[in-house]
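I have placed the structure first, in the form of structure tokens, so that the comments after it can refer back to it.
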Amino acid sequence: MEKSNDSTEYGFILVGFSDRPRLEMVLFVVNFTLYSVAVLGNTTIILVCILDPRLHTPMYFFLANLSFLDLCFSTSCIPQMLVNLWGPDKTISYAGCVVQLFSFLSVGGIECILLAVMAFDRYAAVCKPLHYMVIMHPQLCVRLVALAWGSGLINAIVMSPLTMTLSRCGHRKVNHFLCEMPALIKMACVDARAVEMLAFTFAILIVLLPLTLILVSYGYIAAAVLKIKSAAGRWKAFNTCSSHITVVSLFYGSIIYMYMQPGNSSSQDQGKFLTLFYNLVTPMLNPLIYTLRNKEVKGALKKV
């Protein structure tokens with residue numbers, strides 16, 4: 001156990017892209033720009049959904065929650081990453097790493113479940129249009145969002161302490177630009193299989209189960225759309241779901257691709273860029289997707 005508390009006392013070193021100094025400056029400029037756009041876009045969506053009474057519907061209630069989560073997701077790691085990219089100091093305090101890991105696990109889990117809730121909302125809108133407001137009443141919407149938040153927080157409350165208390169025998173270098181759970185588990189100098197199995201169980205419940213529910217919802221939606229005889233009706237139904245489908249594809253596509261890669265050095269670099277993609281690029285694109293493909297949001301923006 002000697003030196004096992006070094007990381008507690010001195011914190012961690014986020015290796016990130018420090019082996020490529022020129023790339024660091026390019027990434028600083030690109031990430032700062034994308035982060036600024038993400039903050040501006042998601043804040044705008046939240047304000048519009050609150051200020052415009054026409055957007056006080058289940059769909060936009062969930063969209064405002066998604067935008068808030070995207071803000072939290074990016075802010076949990078991008079500011080620290082920008083500091084590390086700007087100068088030679090690559091350290092993060094132990095407390096900062098704990099906060100980053102907890103935020104990453106909780107917000108990521110909440111967003112997975114919220115996307116499934118939004119898929120159910122689109123199912124009700126397309127397949128049960130006459131009963132939509134009866135099904136998606138305000139109390140149910142609040143309960144569904146509370147379920148998403150509760151599940152994500154439980155994941156973080158359980159996994160964060162287990163990950164951070166693993167003995168690392170003085171190892172402080174994290175081969176990533178943030179305190180991500182797989183990177184921290186790899187640093188352990190003890191058998192971490194129990195923690196990995198528990199993480200795998202949570203991944204099934206929080207990532208794969210919501211994805212299955214999303215696919216089932218869109219299966220029913222596709223069947224309902226095919227029964228619509230008019231081309232205009234089919235286009236309207238597709239347009240109702242297109243923004244959500246795009247967001248789900250970006251978020252889940254990057255996660256699934258990243259965790260299907262073999263554990264060699266090249267895939268580790270790919271993993272860093274893919275983590276950056278769903279941590280920064282996806283939150284930046286989400287407001288644009290919902291704004292450009294949605295007349296109601298466009299109208300609300302003009303009004304505000």
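Small disclaimer: the values here were computed from a predicted structure and weren't measured.
- More than 12 heavy atoms of other residues, nucleotides or ligands sit less than 6.0 Å from atom CZ of F28.
- The ring-ring contact (aromatic ring centres under 6.0 Å, His included) contacts involving residues 205-230 comprise Y123-Y220, Y218-H244, where partners must be two or more places apart or lie in separate chains.
- Residues F62 and V145 form a side-chain contact, since some pair of their non-hydrogen atoms from C-beta on lies under 4.5 Å apart.
- Side-chain heavy atoms closer than 4.5 Å link hydrophobic residues (I, L, V, M, F, W, Y) into clusters, and following such links, possibly through other members, connects I245 to V216.
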**Request:** Would you check, one step at a time, whether the test side chain to side chain contact (heavy atoms under 4.5 Å, CB included) holds for I204 with L209?
**Result:** CA-CA 6 Å; I204 291 172; L209 183 59; 5.6 Å; no
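- By the rule that hydrophobic residues join a cluster once side-chain heavy atoms approach within less than 4.5 Å of another member, M81 and V37 end up as members of one cluster.
- Heavy-atom minimum distance, A119 versus I221: O-CD1, 4.4 Å.
- For the pair R234 (side chain) and L226 (backbone), a donor-acceptor distance under 3.5 Å is absent.
- With contacts defined as side-chain heavy-atom distances shorter than 4.5 Å, the pair T57/M136 does not qualify.
- Note: R122 CZ to S242 OG = 10.0 Å, rounded to the nearest 0.5 Å.
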With side chain to side chain contact (heavy atoms under 4.5 Å, CB included) as the criterion, how do F177 and L14 come out once you've worked through the C-alpha distance, each side chain's angles and the decisive distance to 0.1 Å?
CA-CA 5 Å; F177 62 82; L14 298 174; 5.6 Å; no
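- With contacts defined as side-chain heavy-atom distances shorter than 4.5 Å, the pair S76/L178 does not qualify.
- Residues L276 and I78 have side chains in contact (heavy-atom distance under 4.5 Å, counting atoms from C-beta outward).
- Under the 4.5 Å side-chain contact rule for hydrophobic residues, V126 and V117 share a cluster.
- Residues D52 and Y60 have side chains that never bring a donor and an acceptor to within less than 3.5 angstrom of each other.
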*For side chain to side chain contact (heavy atoms under 4.5 Å, CB included), just list the numbers for F277 and F251, CA-CA rounded to whole Å, side-chain angles, deciding distance to a tenth of an Å, and then say yes or no.*
CA-CA 9 Å; F277 183 84; F251 185 76; over 6 Å; no
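- Using a 4.0 Å cut-off between charged side-chain N and carboxylate O, K90 and E24 make a salt bridge.
- With M159 as the fixed residue, the side-chain contact (heavy atoms from CB on, under 4.5 Å) test singles out one of L101, L198, I185: L198.
- In this structure, CD1 in I92 is found 12.0 Å from CZ in R172, a value given to the nearest 0.5 Å.
- Contact of the Y252 side chain with the V247 side chain is not registered, since no non-hydrogen atoms from C-beta on lie closer than 4.5 Å.
- The two atoms that bring K128 and I135 nearest to each other are CB-CD1, 3.7 Å, heavy atoms only.
- Considering only heavy atoms from C-beta on, V15 stays 4.5 Å or farther from V174 through its side chain.
- A donor-acceptor pair is defined here as one N or O able to donate and one able to accept, closer than 3.5 Å; no such pair exists between the side chain of H131 and the backbone of V134.
- Heavy atoms only, all atoms of each residue included: T165 and P161 are closest at OG1-O, 2.6 Å.
- In terms of heavy-atom proximity, N279 sits nearest to S74 at O-OG, 2.8 Å.
- Closest non-hydrogen pair, T246 versus I289, comes out as CG2-CD1, 3.6 Å.
- Under the 4.5 Å side-chain criterion, counting only non-hydrogen atoms from C-beta, D121 is not in contact with C141.
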Determine, stepwise, if the pair W149 / L69 fulfils side chain to side chain contact (heavy atoms under 4.5 Å, CB included). CA-CA 10 Å; W149 277 84; L69 288 171; 3.8 Å; yes
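- Expressed to the nearest 0.5 Å, how far CG of D70 lies from CG of N286 amounts to 4.5 Å.
- The aromatic rings of Y94 and F12 sit parallel, their planes meeting at an angle under 30°, below the 60° perpendicular limit.
- Residue R54 places its CZ atom among more than 12 non-hydrogen atoms of other residues, nucleotides or ligands, all under 6.0 Å distant.
- Listed by chain and residue number, nothing satisfies the side-chain hydrogen bond (donor to acceptor under 3.5 Å, both in side chains) test with Q100 (two or more places apart in sequence, or in another chain).
- Here the CG-CG distance, from N42 to L40, works out to 9.5 Å after rounding to the nearest 0.5 Å.
- Checking side-chain atoms of H171 against main-chain N and O of R168 turns up a donor-acceptor pair under 3.5 Å.
- No path of Ile, Leu, Val, Met, Phe, Trp and Tyr side chains, each step under 4.5 Å between heavy atoms, connects I154 with L208, placing them in separate hydrophobic clusters.
- Counting heavy atoms from C-beta outward, I110 and S151 have side chains that stay 4.5 Å or more apart.
- Atoms CG and CD1, from L115 and I214 in turn, are 5.5 Å apart once rounded to the nearest 0.5 Å.
- A single hydrophobic cluster is not seen to contain both V26 and V83; linkage of ILVMFWY side chains at heavy-atom distances under 4.5 Å, directly or through other members, places them apart.
- Atom NE2 of H56 and atom CD1 of I50 lie 7.5 Å apart (nearest 0.5 Å).
- When all heavy atoms of A64 and I46 are compared, the pair lying nearest together is O-CG1, 3.8 Å.
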